[in-house]
Amino acid sequence: MKKYLIAFAVVALVAGLTIATGVAKANENENDNKIEKAEKVKPNVKDVAKNDLRQELSIREIVGRVICQEVGNCPTDKPSTEVLIKAAKVTSVGTDTLGVSVFSYAYTIDTKGAKIVRQFWGTSNVTEFSVGDVVNVAGSLDASNNFLVHAKTVRNVSIQAKHGVFKGTVESVNASSSSFVLKTEERGNQTVNVTADTKITKGTTTAAFADIQVGTKLLVRGIWNKALAKIQAILIDIKK
């Protein structure tokens, strides 16, 4: 009898370890698309209306698609699931993709062919985007990846009409006046003024004015004085 009890205890222990391991793996898989709590990137919300900061995530089956799937007669050239994401925070910027987080979930946004606009619907593109921007996305869910969205429209509410966006290379730096001259791609040389309120980043990390050096490639967002060729910087993103 004692032998049977020992054997039963060993079996129970092995079963318990197997179940615990399975639960741990399940929890790990469930959290694969969660944003780590350690993330410190702050959203770029300067002058953004409160209504544009209310997060929303809507995923719904297109009307009629379930029925046609049951009979095997669905059109193959149309998506089956619509997605609407509001007030998501940009976590990464690629050539044709954006990483975003909403309600602590991470999504990849495929921007190829999408209409990309600023807050007031002016034409934009992903090269104007920065980590921390707040975006709205409308599109369709990928057929095999539940965290990949093929966007139809991307609206960046952090980019506003009164704010100019400039890309270029630093020509000179004046540390005493916290300013530098930026040789832009389209507007020639512009003097960029930096204040304590200017947000300076390098990818997903916070940077400082000292990181801005001659030859550094930058994206500058700020209020532009065309007549004086000056920019009051709101955000500076140092390109790697």
Side-chain angles (χ1 to χ4, degrees), residues 29-37 39-66 74-165 167 199 201 203-204 219 221 234-235 237 239:
N29 292 335
E30 182 182 351
N31 291 327
D32 279 347
N33 288 90
K34 288 275 191 174
I35 301 297
E36 294 182 6
K37 292 182 179 179
E39 184 185 349
K40 298 297 182 181
V41 177
K42 293 182 179 179
N44 302 325
V45 296
K46 184 177 177 62
D47 298 328
V48 178
K50 289 182 179 180
N51 286 341
D52 284 323
L53 298 177
R54 293 179 178 174
Q55 288 196 318
E56 179 180 336
L57 174 59
S58 171
I59 302 175
R60 65 175 185 171
E61 191 80 13
I62 296 174
V63 176
R65 297 289 294 185
V66 173
C74 286
T76 58
D77 59 342
K78 293 184 178 179
S80 62
T81 311
E82 293 177 330
V83 180
L84 173 64
I85 302 174
K86 292 187 67 177
K89 183 174 64 175
V90 174
T91 57
S92 65
V93 180
T95 303
D96 293 310
T97 60
L98 295 173
V100 304
S101 67
V102 58
F103 296 123
S104 296
Y105 286 98
Y107 285 88
T108 298
I109 309 300
D110 173 15
T111 61
K112 292 190 295 291
K115 180 179 180 181
I116 302 175
V117 296
R118 299 174 179 176
Q119 183 183 106
F120 298 107
W121 302 96
T123 301
S124 181
N125 57 70
V126 293
T127 63
E128 292 187 348
F129 287 28
S130 297
V131 171
D133 283 356
V134 178
V135 297
N136 299 339
V137 179
S140 59
L141 199 64
D142 187 80
S144 58
N145 184 346
N146 289 337
F147 291 93
L148 173 61
V149 177
H150 301 286
K152 291 182 178 179
T153 303
V154 180
R155 177 176 172 233
N156 189 328
V157 299
S158 293
I159 303 178
Q160 302 168 47
K162 68 178 182 179
H163 295 170
V165 179
K167 293 175 289 183
K199 180 178 179 179
T201 61
T204 59
L219 180 145
R221 188 181 303 161
I234 293 172
L235 182 143
D237 187 18
K239 300 302 181 183

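For clarity, every value in this text was computed on a predicted model and none was experimentally measured.
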(request) Take T201 and K42, measure what side-chain contact (heavy atoms from CB on, under 4.5 Å) needs, and give me the verdict at the end. (result) CA-CA 11 Å; T201 61; K42 293 182 179 179; over 6 Å; no
(message) Test side-chain contact (heavy atoms from CB on, under 4.5 Å) on H150 and D142; report intermediate values, then the result.
(response) CA-CA 7 Å; H150 301 286; D142 187 80; 2.8 Å; yes
(message) Between L141 and N146, does the side-chain contact (heavy atoms from CB on, under 4.5 Å) criterion hold? Intermediate values first, please.
(response) CA-CA 6 Å; L141 199 64; N146 289 337; 4.0 Å; yes
(message) Could you walk me through whether T91 and T204 satisfy the side-chain contact (heavy atoms from CB on, under 4.5 Å) test, starting with their C-alpha distance in whole Å, then the side-chain angles of each, then the deciding distance to 0.1 Å, before giving a yes or no?
(response) CA-CA 7 Å; T91 57; T204 59; over 6 Å; no
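Considering only heavy atoms from C-beta on, V93 comes within 4.5 Å of L98 through its side chain.
The two residues D133 and N156 make their nearest non-hydrogen contact at OD2-ND2, 2.9 Å. Looking at every heavy atom in both residues, V83 comes nearest to S140 through CG2-C, 4.1 Å. The two residues S158 and V48 come nearest to each other via the heavy atoms CA-CG2, 4.3 Å. The two residues G203 and D237 make their nearest non-hydrogen contact at N-OD1, 3.6 Å. Residues Q55 and A88 come closest through the heavy atom pair NE2-CA, 4.3 Å. Shortest non-hydrogen contact noted between T127 and K167 is OG1-NZ, 3.1 Å.
At distances below 3.5 Å, at least one donor-acceptor pair connects side-chain atoms of S92 with backbone N or O atoms of G99. Here the side chain of R155 pairs no donor or acceptor atom with the backbone of K86 at under 3.5 angstrom.
Atoms CG and CG, on L235 and L219 in that order, are 7.5 Å from each other to the nearest 0.5 Å. Atoms CG and CD1, on N44 and I234 in that order, are 10.0 Å from each other to the nearest 0.5 Å. The CG atom of N136 lies 9.5 Å from the CD atom of Q119; values are rounded to the nearest 0.5 Å. Of the inter-residue distances, the one linking I109 atom CD1 with I116 atom CD1 reads 11.0 Å to the nearest 0.5 angstrom. Distance CD1/I85 to CD/E56: 10.5 Å, rounded to 0.5 Å. A distance of 10.0 Å separates NZ in K112 from OG1 in T95, rounded to the nearest 0.5 Å.
Within 6.0 Å of the NZ atom in K239, the count of heavy atoms belonging to other residues, nucleotides or ligands exceeds 12.
Between F147 and Y107, the ring planes lie tilted relative to each other; the angle falls in the 30° to 60° range.
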